[in-house]
Amino acid sequence: MFTVVVEGARGKETRDAYDKPSILLGRGQQCDVLIGSNGASRKHARIEWQDGTIRIEDLGSTNGTFVNAEQIQKPLDLAPGDVIEICDTCLRIEAAPEVWTHPRKASWGKPQKRRKQPKKPAPNENGVLLSDAKEGDYLSVRAARADVHVDSLLSRARLVVTFHNDLGRTLEGDLVFPLPPMAALRELVVKLGSRTIEGQIRARGRARAEYERAVQAGQSAAIGESEGEDLARLRIAPIEPGEDVEVTLTVDQMLLPIADGHRLIVPLTYMPRYVEDAAKVTETEVAALARPRPTTLAARARVNVTIEDGPDEPASFRCTSHPTRISQAGPRARTIEVHDAPLDRDVQLEFINRPRGEKPAVWIRHDATDGPDQNGPSTAIGIVPPAFADEGPVIPRSVLFLVDRSGSMGGAPMQSAIRAVRGALRSLGPEDRFNVIAFDNNLEALAVSPVPFDDEHLKAADDFIGRITARGGTEASMAIRAALSARLGTDVAVAFPNPTPPDQTYRLRIVVFMTDGDVANAANVLKTAKEKLIDTRLHVLGIGDSVQHSMLAELAQLGGGTYMPVATNEDLERALVRLKNAITAPLWTGIRVLVERDGERKSPKMLEPPSPLDLFAAEPVLFAFRGKIEPGDRLVLLGQRADGEEERVALELTVPADARAEGAATLWALLRNKRLTYRFDPDDDDTLEGLGTTFGLVNRKVALVGVNPEDRKVTIEGKVPVTLPMPANAAEEDAVMFRSNVYVPPPPAMAAPPGGGFVPPPALARPGAPQPPPRVPAPSPAAKASKLPPLDGGNEHDERTRVAQVVAPPPPLRAPAPTPRLSDDDAGLRALLLHQKADGLFDADLGATLAAVAALVGRGHTAREGLFRAELRRTTVTLRGKLAGLSSEDKHLALLALLALALLTMPHGDPAPEGLPAPIAAALAGISLADRPSAAGKIGVALGHLPSGWAEKPLAAEIKRVFL
């Protein structure tokens, strides 16, 4: 009958047709058109069709309905082209002339796309938008404040969250707040109007009983619980009408290891999570999911981070998420301030303390007391290895890239994942094999089993990756099972249905998992991985503004791999360097930690995490143990290098007289708490309870509870959730996608025709089975809400098919994205790498290869350092191999190869390659990447000695024009 066109973020439009006389608009789930804005009322407006007239009526909303920039005060007949605005959402109505026979003729404003100065929702007295007091069924966080103290590898954060009861009735508040990764809740203080409640550590069962007794007795009470590391659940009662609530959480956190040092994460938002199995979701996760999730919120955050500098040179830092202000807080302390930050992303701050030389940096903290548990002194040791540049042999690998394409990965996270796969692919070598699996609640793969790394499969992978779009839910357990199987099942859509024949080469199996961890039952995902991770290394990239860091970091640890958070493009570049290093091989494996005393080596007491450990280039490791340290003791690390040789490192364990003790016992307790939490073993419950009550750490067996004895003599009229907004990348997309389970069929993949090359087929090949019809489940509540008309004479299957097609049409088939134009920046260099073939050459041409090497080396990249070291290492190996085969008739080509090889090796002090003409060798003498302008000048002089015509090929000419 008529169509509602909704303009979402970034101009994206959605269109829904309705064949009914009346539809509702608002943020309530019962509405036909869902408005994903906190300022919209549950039932905001109604659109009706009657006798050829389409009319809109505001239903007494708080913030009004606007047509062509003017607020309507009574029902208004619409005209074609009218722009309807509800908060920050614009809509328009389309209908056929035979439907819309009587449009409005009188003028009403001037149709326009969007008001230049849109009316903002009415703020409260603090200037902050809260929930809709008349129709709202939830409270919104008003503000968040974090004061963080960072001391080496440990931080203590006091998070202050405030909200206000503007719903006019006495309530129990239920707040689920994300915790930082590798952290534990330590303290809880609630200010409730004029009352103060201080939490005390209790066994969880006892804490719940105390809370319920207090509430039933009319007293004020609060309880803080956590079932994992990443979510704290707080219940507070009674909250009387008009009362302000201020919740203070104290959290101890180990900093997250990154390539340059460590990262501090202060969570400010929470992503709605996909439920794989409702029966396995924890109570806290249920509480987090069973609430609305506004896409926008006017509340703001203030974060102050004070850094205690050690005795050495102060570490530098960078904030990857927000603008900052820096001030001196003391002789050896600095404060980093983030003010007026919207609650749409986590604050992420990096401390760059990786050593520059070849020796690792060692951090020691020792507490000589027996600790709260009387188990003896505590020693915590952090080792930050340098970024090693090893040019030894590389073990052949079989690398599987597992890419999350669920709806929560929409926008920038999906683009980052695609770039990461393309970049990491080009660090592989000719002996390697690879595969790419994209998943949401369905699987789609490049091949049924890993394929050879050659130009044919590399091109197919680029095409496949370019077609990945975000949709659906995160079936992480299913995806991990598929990734860790020898070959995919016949129900998985693939482009290469025939398995690659096996050979006799041993290949290290590696899985690279790219996701935001948007899954509610982390325990199930980790258990699945733990059962399947055999002879496999698992590296994880956590991509987005609100990532499930705790689960993903633990997943990487279970897989003996690395965890890399990615929030920005700069993050992605650094993560790619780490990923390429990690894919190559660990520096050491099977490391045992020993303490040597009087020539005798013993395992330290209560080591956390227990040996053996693995060490990757530029990947910090942290461990702690209990027991005394005597003068002359040495820490001994024994392990195996990538080449199979044994490696031993001994470090003095001498503790200076003025060594600080703060944090050593806490770090040991945090490490043990983390390990036992993620073992999911009921036999650990007593140990966890003892650890929690002794060290004051909230875990699944221990909670914080507090009671104010004053009798309020009020009746609680219900439990109300307290909400946080969606993160920025989720808010950019249509909010409806997060509230729908409507199946979206996968787009067509690439298939191999008999004559070679790749063309889009009409359907995906499924190995070993005929093509089945599309799988269409029963319509979800969101699909049913669309009220689509039944097909004439159609059966139930036809109706379900139509629901799926209209509500969530499959994305159109897209041609692979064109190669980005080269430009004189890092983006241009990345685009240049897309021209690299499987053998390491560029466009299969030595002239183009020399031009590419000259451009990359001139900007600080060689086979031994820089962002593209892995790719140029492959080029180096190929050039060395080709030199031996070039005959005297190929002097011109040999000269190009020699000069390219010289540019890759001479900046590191290597001699000029044998056979390089003396004038060119002299021009490059003393070239160093430390002085890039001088290096670029030397490269230019060396290229000037080449015969004309070396840069005639299109790619070489373009590189020369842009970069050289």
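For the numbers below, each heavy atom of this structure counts, side chains included, while hydrogens, waters and symmetry mates do not.
Distance check: T536 OG1 to I480 CD1 gives 11.5 Å after rounding to the nearest 0.5 Å.
Y563 and H539 are not linked by any side-chain donor-acceptor pair at a separation below 3.5 angstrom, with hydrogens and angles left out of the test. Side-chain contact check for T905 and D910: no donor-acceptor pair (N or O, by modelled atom type) lies under 3.5 Å. No side-chain donor-acceptor contact under 3.5 Å links S398 and R509. Between the side chains of Q836 and T875, a donor-acceptor pair is found at a separation under 3.5 Å.
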Verdict with reasoning, H861 to F868, per ring pair (Phe, Tyr, Trp, His ring centres under 6.0 Å)
CA-CA 6 Å; H861 306 284; F868 308 112; 4.8 Å; yes
D440 vs S406, test: side-chain hydrogen bond (donor to acceptor under 3.5 Å, both in side chains). Steps then yes/no.
CA-CA 5 Å; D440 43 48; S406 63; over 6 Å; no
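For T589, the side chain to side chain contact (heavy atoms under 4.5 Å, CB included) partners two or more places apart in sequence, or in a different chain, are R537, P586, D614, Q640. Residues that satisfy the side chain to side chain contact (heavy atoms under 4.5 Å, CB included) test with S477, not counting sequence neighbours, are E276, R481, N524, V525, T528. For V877, there are no side chain to side chain contact (heavy atoms under 4.5 Å, CB included) partners two or more places apart in sequence or in a different chain.
The residues R874 and D432 are annotated as not salt-bridged, no charged nitrogen and carboxylate oxygen being separated by less than 4.0 angstrom. Of the charged side-chain nitrogens involved, none lies within less than 4.0 Å of a carboxylate oxygen, so that K459 and D454 do not count as a salt-bridged pair. A salt bridge links E573 with R830: the closest approach of a Lys/Arg side-chain nitrogen to an acidic carboxylate oxygen falls below 4.0 angstrom.
Around the CZ atom of R592, the shell of radius 6.0 Å holds no more than 12 heavy atoms that belong to other residues, nucleotides or ligands. Within a 6.0 Å sphere centred on CD of E914, other residues, nucleotides and ligands contribute 12 heavy atoms or fewer.
Counting only distance, with no hydrogens or angles, the side chain of K882 and the backbone of L893 share no donor-acceptor pair below 3.5 Å. T474 places no side-chain N or O within 3.5 Å of a backbone atom of A476 that could act as its donor or acceptor partner. Side-chain atoms of D843 never come within 3.5 Å of backbone atoms of D845 as a donor-acceptor pair (strictly under, hydrogens ignored). Within the 3.5 Å criterion, the main-chain N or O of A838 finds a donor-acceptor partner in the side chain of D455. Checked by atom type and distance alone, the side chain of D516 never pairs as donor or acceptor with a backbone atom of G544 at under 3.5 Å.
Residue D462 is tested with R419, R426, K837, R467 for a salt bridge (charged side-chain N to carboxylate O under 4.0 Å, His left out); the sole match is R426. Between T515 and the choices L402, D404, V547, the side-chain contact (heavy atoms from CB on, under 4.5 Å) rule is met once, by D404.
Ring planes of F496 and H457: tilted class, angle from 30 to 60°.
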